[in-house]
Amino acid sequence: MSKLEKQFFEIPTLELAETLLGKIFVRILPGNIQLKGRIVETEAYLGEDDEACHAWRGKTKRNQIMYHAPGTLYVYFTYGNHYMLNIVSEPENRAGAVLIRAMEPVEGIRFMEEQRDTRILANLMSGPGKLAKALAIDGKSNGKNIFGEEFFVEDAPAMPESMVGTSVRAGISRSRELPWRKFILDNPYLSKVRLPE
DNA sequence: AGCGTGATCTTT
DNA sequence: AAGATCACGCTG
């Protein structure tokens with residue numbers, strides 16, 4: 001399958017969140033360790049009207065990468081433990097990103113099991129913190145792009161509309177009503193969603 | 001259902 | 001300088 005080029009990411013954030021479903025996220029580590037996961041759950045975060053978006057009060061040191069070109073990785077640290085992996089969207093100087101919330105492990109599973117200290121496949125990448133850890137992603141990946149040697153996405157057939165689910169986003173307290181979570185219906189590798197109250 | 005854990009941002 | 005918040009995950 002072919003590598004997705006930069007134009008693939010130059011679409012509105014919500015569309016990108018949906019069209020990324022089913023695609024294969026790839027990381028190549030030194031020693032030719034290939035890690036691959038199929039994206040099964042995403043969320044859109046968009047601009048200054050979305051109060052759950054880090055950029056809703058404007059540019060800061062932490063969120064500045066969100067204003068970069070589409071296809072830049074935005075990785076940040078939270079809850080004293082976890083890194084979150086996002087793919088930047090929207091034209092340069094406007095803030096938007098797609099949070100990758102869950103993947104189905106595809107390749108490099110032994111490596112991921114070691115990173116995560118579990119052998120339960122459905123638990124390896126079923127959450128944003130978990131998948132970053134499985135892929136050994138941390139703050140050093142912040143700002144890299146997704147068309148390179150280290151990180152890229154492989155194409156896969158588009159998801160039929162009938163297989164795509166939509167809901168509100170997980171784990172947020174503001175802008176809770178926006179239905180900006182996208183996922184593959186009935187997929188076994190989805191996150192355990194903590195629905196906002 | 002409760003809590004660890006630490007960076008970031010807001011408020012004083 | 002202090003306090004609140006947090007796009008979570010694990011235990012129990």
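Residue numbers begin at 1 in each chain, while the letters A, B, ... track the order of the sequences.
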Problem set entry | Pair A:Phe152 + A:Phe25: ring centers closer than 6.0 Å |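 Centroid distance A:Phe152-A:Phe25: not below 6.0 Å, so no.
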Exercise. Do A:His54 and A:Tyr76 have ring centres separated by under 6.0 Å?
Worked result: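 Ring-ring flag for A:His54/A:Tyr76: true, centres closer than 6.0 Å.
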Exercise. Salt-bridged, A:Lys6 to A:Glu10, with N to O below 4.0 Å?
Worked result: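 The answer is yes: the pair qualifies as a salt bridge.
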Problem set entry | Short N-O contact, A:Glu43 and A:Arg101, less than 4.0 angstrom |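 Counted as a salt bridge, because a side-chain N and a carboxylate O are separated by less than 4.0 Å.
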Rounded to the Å, how far apart are [X] [atom1] and [N] [atom2]?
X        : N      : atom1 : atom2 : answer
A:Asn81  : C:dG9  : CG    : P     : 10 Å
A:Met84  : B:dG6  : CE    : P     : 16 Å
A:Tyr76  : B:dT8  : OH    : C1'   : 12 Å
A:Glu43  : C:dC8  : CD    : C1'   : 12 Å
A:Asn123 : C:dC10 : CG    : P     : 6 Å
A:Lys130 : C:dA7  : NZ    : C1'   : 15 Å
A:Gln64  : B:dT8  : CD    : C1'   : 13 Å
A:Arg62  : B:dG6  : CZ    : C1'   : 12 Å

For this session: Do nucleotides 1-6 of chain C as a string where each nucleotide becomes B, S or -: B if the base has a protein heavy atom under 4.0 Å, S if just the sugar-phosphate does, - if no protein is that close.
Result: -----B
Problem set entry | For A:Glu154, the option from A:Lys23, A:Arg38, A:Lys36, A:Lys3 that meets salt bridge (Lys or Arg N to Asp or Glu O under 4.0 Å) |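 Testing each of A:Lys23, A:Arg38, A:Lys36, A:Lys3 against A:Glu154, the sole residue satisfying salt bridge (Lys or Arg N to Asp or Glu O under 4.0 Å) is A:Lys36.
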For this session: Determine whether the side chains of A:Thr166 and A:Lys182 contain a donor N or O and an acceptor N or O closer than 3.5 Å.
Result: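 Short answer, yes.
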Exercise. Counting any heavy atom closer than 4.0 Å, what does A:Ser191 reach on the DNA or RNA strands: base, sugar-phosphate only, or nothing?
Worked result: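 Nothing, no nucleic acid heavy atom in range.
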For this session: Name the nucleic acid region contacted by A:Met66, choosing base, sugar-phosphate or nothing; use a 4.0 angstrom heavy-atom cut-off, strictly under.
Result: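 Base, at least one base atom sits under 4.0 Å.
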For this session: Considering only atom C1', compute the distance from B:dC3 to C:dT5 and round it to an integer number of Å.
Result: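 Nearest-Å result for B:dC3 against C:dT5 at atom C1': 15 Å.
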Problem set entry | B:dT10 OP1/OP2 closer than 4.0 Å to side-chain N/O of A:Arg57 |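 So the side chain of A:Arg57 is within the cut-off, an N or O lying under 4.0 Å from OP1 or OP2 of B:dT10.
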Exercise. Taking the side chain from A:Arg116 and the backbone from A:Ala134, do they hold a donor-acceptor pair closer than 3.5 Å?
Worked result: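 Looks like no, no N/O pair under 3.5 Å.
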Exercise. Considering every strand shown, what is the Watson-Crick or G-U wobble mate of C:dT5 when both distances are under 3.5 Å?
Worked result: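 Base partner found: B:dA7.
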